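As the structure is a computational prediction, the values presented were derived from the model and not from experiment.
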Amino acid sequence: MSLMCPSCRATLEHSAEGLKCPSCGRLIPTDQGFPDFVGREDLDWGELTREQMRDVVERARREGWYAPILDMGAKDPFLAYYILDHSRAGWVFHCLRPSGNDVCIDLGSGWGNIAFTLAEWYKDVWSVESVASRVEFQTIRREQEGKDNLHPVRSGLLSLPFADNVADLVVCNGVLEWIGLSDFTQPVGRLQETFLREAFRVLKPGGCLYVGIENRFSGLSFLGAIDHSGLPFANLLPRRLADVAVRRFRPKGLRLGTRERSQVEWPDYRTYTYSLGGYQRLLREVGFSTIESRWVWPTYNSPHYSGSFDDDSLHFLGANLLASSRNRLARSGGLLLRSLPRPSRTALAKTFWPCFLLFAYKESPRPLLRDMIQAEGPGGAVLTTTTRISGPKNTFLGLGRAGVTQAVTPFKARGQQAPTLPLRPGVETRLVGDFVVLAEPGLKGRALKPASPVHAVKAMEWLGAYQRRTAQGPLTLEVWQREAAGIEAFLAEQPETSIMLGMSEEALKAVEVLVRQGVLQITAEHGDFQIRNILVDRQGHVGVIDWDDSRPAGNPLLDIGTYLLMLPQGNVRNLADMVRGRGPLAKAAAAVLQHYQQATSLRLDAPDVLISYALLRTLERDTIVLSAHGVRVKKPFPGAMAIAHRMLLALPGLGRAA
């Protein structure tokens, strides 16, 4: 796709100096590896200072783009997540088509995380960012990863260097609310309208504009959450009063939490957000004919769960997910969502939900992969889950009106392979356009209650029967040593894990004792046997969903260890208390081990060993696969090593090894 001169709309031509406009003579330099339509010095804007960002770029060029991110992740896991986690683009499964996903334009792409993820799903991705150091970082990463279909461009966002009707998808993730800072001489509303008209112009007929953004009237704002202006409650005020508040009370050098974002002084309130109705009116005014809105949890930058406001997906979120949370506010919200009738639940959520996913279509939307999957499902609502950091992976949960849940996972036919699963009757793969879709049979039930001993008994009865049915003979020492060597080699490659490596070796030796005793069988593994994938119906029957991590031949300790590991839902203190027999989950954990032993005749008296083995296997599996300087390597998500280290230290049998 050719670039266009933003000034006179002529197609740019390549020359020795860069890109040149044959009409007005404008020259766009490309000497840094990307076209630069801005040219002037950067504003001091971003998660890092200009000096810090320059150091990141130089290290990325010298040592590989991942090296400085790894160091940042040890100090600031959130920033590493923001830069690397593929699940941030999970919203794309609401607008992917079964075929014809050709051109995507990501506006205000920042470090390029979403653009690089979308390059797995679209033939060409144009990553547009105005801060030069960010575009330079993206260019280095593209060259080192060999991502030829990703094209970084430095450009402003009010006049895009693209022709009309070229994009299938335009991305605006956390950008619209900041457009008012691009020109202090113009009203914010006019700037936002200009930006949206540009997005509309470059879309093909039937193309989609995605907007991820906060709700002006979020319930969290009424509790004092900080607005983009750096002040609490500013977004709730009438605009003129917000202008006064910003002039009088806005802190110098805007900080959002601990992050300094700008040293520019603002003359008035410039970071407009709107209600859901306000966004819909704004999008219709610029020409979008069809607008779909989705709730998202926990935020649009972490779209782990999302669905429609108008079906029962919010009830499922409340009853099955938030109800088991350790966060008191989340549990209260979950109780409200599952107890209100649908009309009240919908009205309340549309008014006060913290964030929205908006999908605005130019003319009639084309057929969507989501709709084709839903048409073959159990009917009712569809909830999407995106939980994998190591690659773009999404599961659709079809929520039938009779309480049926069906998990469907799409895999791109180009570059991704759906697993072969003879492990559960009824699991099948089928081709939907360009996608291989893994479809599981529908199951009735609600998510397992983590603190319920009764539910623990049911889960262990299911797991025991599953492992007995798939047993394939003793787990030999040779097979085990090969697996243990792989885990140790992976840990040894990580420079910051010397203490963790010693602790892990002790845990692996404990597993080897069981192997030498001949008590472990080779069995199939579910791979992600945790409370949110286990459903229990009213009669006490158990069903398990989300099988794409399973193995036909593996170690029986993985699934029981994963179950115990995930009971505290990542809370290290609760994990330590549980293993020591203290806290609300200790009784459930004791029941788990007791009934697992009864179901399998496998005596296991060391939950810390089970948990550590599951943690190590998960850490090795859920890593980021990189291509650095032509060599494919596996790296843990920055911060994950620190969390895993703290978890291992919390286990009493292993803490002594540190």
Side-chain contact, heavy-atom cut-off 4.5 Å: I487 with R617? yes
Do S229 and D227 get their side chains close enough for a donor-acceptor pair, meaning under 3.5 Å? yes
Value for CD (Q32) from CD1 (I140), rounded to nearest 0.5 Å, stands at 9.5 Å
Distance (rounded to the nearest 0.5 Å) between W178 CH2 and F195 CZ: 14.0 Å
Can any side-chain N or O of N533 pair as donor or acceptor with the backbone N or O of D528 at less than 3.5 Å? yes
Using modelled atom types only, decide if a donor and an acceptor are shared between the side chain of E525 and the backbone of L558 within a distance under 3.5 Å. no
Decide yes or no for V125 and F116: does some side-chain heavy atom of the first lie under 4.5 Å from some side-chain heavy atom of the second? no
Would you call L176 and L196 a side-chain contact if the rule is heavy atoms closer than 4.5 Å? yes
Would you say the side-chain atoms of Q144 pair up with the backbone N or O of A60, donor to acceptor, closer than 3.5 Å? yes
L158 versus L191: any side-chain heavy-atom pair under 4.5 Å? yes
Does the ring of W91 carry R294 above it, NZ/CZ under 6.0 angstrom from centre and within 45° of its axis? no
Suppose we screen for salt bridge (charged side-chain N to carboxylate O under 4.0 Å, His left out). Which residues come up paired with D164, at least two apart in sequence or across chains? R201
When you compare the side chains of S550 and H526, does any donor N or O come within less than 3.5 Å of an acceptor on the partner? no
So, taking the atom named CZ in F529 and the one named OG1 in T562, what distance separates them when rounded to the nearest 0.5 Å? 9.5 Å
Between S87 and G90, is there a donor-acceptor pair closer than 3.5 Å when you use the side chain of the first and the backbone of the second? no
Ionic contact status for R134 with E129, cut-off 4.0 Å: yes
Mind checking side chain to side chain donor-acceptor pair (under 3.5 Å) for S302 and listing every partner two or more places apart, or none if nothing turns up? Y81
Decide yes or no on side chain to side chain contact (heavy atoms under 4.5 Å, CB included) for L203 and N165, but give the supporting numbers first. CA-CA 5 Å; L203 277 171; N165 307 314; over 6 Å; no
Rounded at 0.5 Å granularity, tell me how far OG in S182 sits from CG in L157. 7.5 Å
Using 0.5 Å steps for rounding, measure from the CG atom of L150 to the OH atom of Y122. 14.0 Å
Report yes if some heavy atom in the side chain of T273 is under 4.5 Å from a heavy atom in the side chain of N215; otherwise report no. no
Row check, F200 ring normal vs K362 NZ/CZ: under 6.0 Å, within 45°: yes
Please assess E58 against R54 for the test salt bridge (charged side-chain N to carboxylate O under 4.0 Å, His left out), listing each intermediate value before the final yes or no. CA-CA 6 Å; E58 293 303 323; R54 177 49 50 192; 3.4 Å; yes
If you apply the rule side chain to side chain donor-acceptor pair (under 3.5 Å), what do you find for Y210 with N173, and how did you get there? CA-CA 7 Å; Y210 157 73; N173 192 77; 2.7 Å; yes
Which pair of heavy atoms, one from L118 and one from C104, lies closest together, and at what distance? CD1-SG, 3.6 Å
Considering non-hydrogen atoms only, spot the tightest contact between D434 and G100 and give its length. OD2-N, 4.1 Å
Just jot down the side chain to side chain donor-acceptor pair (under 3.5 Å) partners of E488, sequence neighbours excluded, or say none. none
Would you say the side chain of W126 lies within less than 4.5 Å of the side chain of F162, judging by non-hydrogen atoms? yes
Which atom pair, heavy atoms only, marks the closest approach of F37 to R26? O-NH2, 2.9 Å
Test item: T49 side-chain N/O and Q52 main-chain N/O as donor-acceptor pair under 3.5 Å: yes
Please assess S306 against H94 for the test side chain to side chain donor-acceptor pair (under 3.5 Å), listing each intermediate value before the final yes or no. CA-CA 9 Å; S306 56; H94 285 293; 2.8 Å; yes
Under the criterion side chain to side chain contact (heavy atoms under 4.5 Å, CB included), I'd like the reasoning laid out for R141 against Y66: C-alpha separation, chi angles, the key distance, then a yes or no. CA-CA 8 Å; R141 179 178 175 181; Y66 191 83; over 6 Å; no
Judged by atom type as modelled, is there a donor-acceptor pair below 3.5 Å linking the side chain of R270 to the main-chain atoms of D183? yes
Heavy-atom closest pair, residues P152 and V135: CB-CG1, 3.8 Å
With side chain to side chain contact (heavy atoms under 4.5 Å, CB included) as the test, would you mind laying out the steps for K123 and N149 before giving the verdict? CA-CA 6 Å; K123 292 180 181 177; N149 67 326; 5.9 Å; no
Apply the test salt bridge (charged side-chain N to carboxylate O under 4.0 Å, His left out) to residues E136 and R61: give CA-CA distance (whole Å), side-chain angles for both, the deciding distance (0.1 Å), then the verdict. CA-CA 10 Å; E136 197 171 352; R61 183 178 288 110; 2.7 Å; yes
Taking the six-membered ring for Trp, are the ring centroids of F137 and W111 within less than 6.0 Å of each other? yes
Check: S159 side chain, P6 main-chain N or O, donor-acceptor pair, under 3.5 Å: yes
The test is side chain to side chain contact (heavy atoms under 4.5 Å, CB included); show your working for E47 and L79 and say whether it passes. CA-CA 8 Å; E47 295 79 16; L79 183 56; 3.8 Å; yes
Please test E177 against T271 for side chain to side chain donor-acceptor pair (under 3.5 Å), starting from the C-alpha separation and ending with a verdict. CA-CA 5 Å; E177 63 270 41; T271 52; over 6 Å; no
Minimum side-chain heavy-atom gap E17-L27 below 4.5 Å: yes
So, D124 side chain and V103 main chain: donor-acceptor pair closer than 3.5 Å or not? no
Does R88 use its side chain to pair, donor to acceptor, with the backbone of Y82 at less than 3.5 Å? yes
Rounding to 0.5 Å, atoms CG (N113) and CD (Q138) come to a distance of 10.0 Å
Taking the side chain as everything from C-beta on, heavy atoms only, tell me whether V175 gets closer than 4.5 Å to V211. no
Whether over 12 other heavy atoms sit under 6.0 Å from D31 CG: yes
Can you tell me if D36 uses its side chain to pair, donor with acceptor, with the backbone of G39 under 3.5 Å? yes
Nearest non-hydrogen partners of P35 and T30, listed with the distance: CA-CG2, 3.8 Å
What heavy-atom pair brings L368 and C95 nearest, and what distance separates the two atoms? CD2-O, 3.5 Å
Residue pair R97, D168: steps toward the salt bridge (charged side-chain N to carboxylate O under 4.0 Å, His left out) verdict: CA-CA 10 Å; R97 302 201 304 272; D168 298 283; 3.1 Å; yes
E120 and H86: side chain donor to acceptor below 3.5 Å: no
Tell me whether the centres of the aromatic rings in W121 and F93 are closer together than 6.0 Å. yes
